[in-house]
Amino acid sequence: MNYIRQHKKGIIGTTIFHLIVLLLLIFMGFFTPLPLPGEEGILVNFGTSDQGLGEREPSPPQRQPRPSPPVQQEEQTTPPPPQQVTPPPASQPEPAEEVAMTQDYEETAAIDAAEKKRQEEAERKRRIEEQRRKQQQVEQQRKAEAERQKQAEIERQRQAELERQRQAELERQRREEAERKRKEEEQRRIAEINSRAHGVFG
């Protein structure tokens with residue numbers, strides 16, 4: 001009882017749904033359309049009967065005319081001698097020449113599909129080759145760019161080294177010049193002091 005109370009909405013919804021489906025089937029699905037559609041198609045001989053045996057298609061049988069019944073004469077008392085009726089010789093049907101029926105003026109769907117598939121395959125291969133060629137070009141450009149950057153970095157480092165050496169040379173010359181001036185100044189002062197001291201005692 002507790003289960004029914006808990007699932008009351010689900011039970012009602014399921015019942016209504018199945019009733020609607022049943023009504024739709026009754027009103028729309030359980031009748032046969034009239035008039036009945038005729039059977040279509042052609043007869044196919046699969047060779048399961050004796051008519052289907054042999055290598056050649058047999059020609060249709062030819063009708064032979066039926067002999068007319070003899071007219072009896074009532075007044076004759078003696079029967080006439082029996083006439084031998086010879087049936088006309090049945091003409092032997094000549095076997096028809098088998099000619100292979102081919103047509104070369106209209107392409108078939110299989111040839112069109114194979115040609116289209118071949119063209120699509122060639123187009124796909126061409127696109128793949130073109131993409132591979134583009135990737136190779138991009139890779140070569142990337143390598144060339146990396147090589148250029150490497151050469152530029154080497155050149156920049158060489159220029160920086162040359163500039164550092166030049167600055168160091170200038171600094172050394174400046175120190176040498178300052179040292180030379182200091183020595184000259186010192187020698188001048190010594191000479192001046194000497195000249196004064198020489199004049200004092202002289």
Using the salt bridge (Lys or Arg N to Asp or Glu O under 4.0 Å) rule, take Glu176 and Arg172 through it: C-alpha gap first, then chi angles, then the decisive distance, then the call.
CA-CA 6 Å; Glu176 286 178 356; Arg172 187 182 60 78; 2.5 Å; yes

Only pairs under 3.5 Å count here: list side-chain donor-acceptor contacts from residues 4-24, not counting sequence neighbours, and write none if there are none.
| unit_1 | atom_1 | unit_2 | atom_2 | d |
| --- | --- | --- | --- | --- |
| His7 | ND1 | Tyr3 | O | 3.0 |
| Thr14 | OG1 | Gly10 | O | 2.7 |
| Thr15 | OG1 | Ile11 | O | 2.8 |
| His18 | ND1 | Thr14 | O | 2.8 |

Do Lys143 and Glu147 meet the salt-bridge criterion of a basic N to acidic O distance under 4.0 Å?
no

Would you mind checking if Glu121 and Arg124 are paired as a salt bridge, meaning a charged N to carboxylate O distance below 4.0 Å?
yes

Could you walk me through whether Arg180 and Glu184 pass salt bridge (Lys or Arg N to Asp or Glu O under 4.0 Å), step by step?
CA-CA 6 Å; Arg180 187 180 60 79; Glu184 285 179 358; 2.7 Å; yes

Cationic N near anionic O, under 4.0 Å, Glu179 to Arg175:
no

Contact between Arg166 and Leu162 at the side-chain level, heavy atoms closer than 4.5 Å - yes or no?
no

Going by an N to O cut-off under 4.0 Å, is there a salt bridge joining Glu177 and Arg174?
no

The reported gap from CD in Gln119 to CZ in Arg126 (rounded to nearest 0.5 angstrom) is 12.0 Å

Listed once per pair and sorted, the salt bridge (charged side-chain N to carboxylate O under 4.0 Å, His left out) pairs that draw on residues 131-142, sequence neighbours left out:
Glu129-Arg132, Glu130-Lys134, Glu139-Arg142

Assess, by modelled atom type and distance only, whether the side chains of Gln140 and Gln136 contain a donor and an acceptor separated by less than 3.5 Å.
no

So, are Arg156 and Glu153 salt-bridged, with charged N and O less than 4.0 Å apart?
yes

Salt bridge (Lys or Arg N to Asp or Glu O under 4.0 Å) evaluation trace for Glu145 with Arg148:
CA-CA 5 Å; Glu145 184 66 26; Arg148 278 198 301 270; 2.3 Å; yes

Output for pair (Gln135 CD, Ile128 CD1), nearest 0.5 Å, gives 10.5 Å

Worked check of side-chain hydrogen bond (donor to acceptor under 3.5 Å, both in side chains) between Gln159 and Glu155:
CA-CA 6 Å; Gln159 291 292 338; Glu155 183 66 23; 3.1 Å; yes

Taking Glu186 first and then Lys183, would you say they form a salt bridge - that is, a charged N and a carboxylate O separated by under 4.0 Å?
no

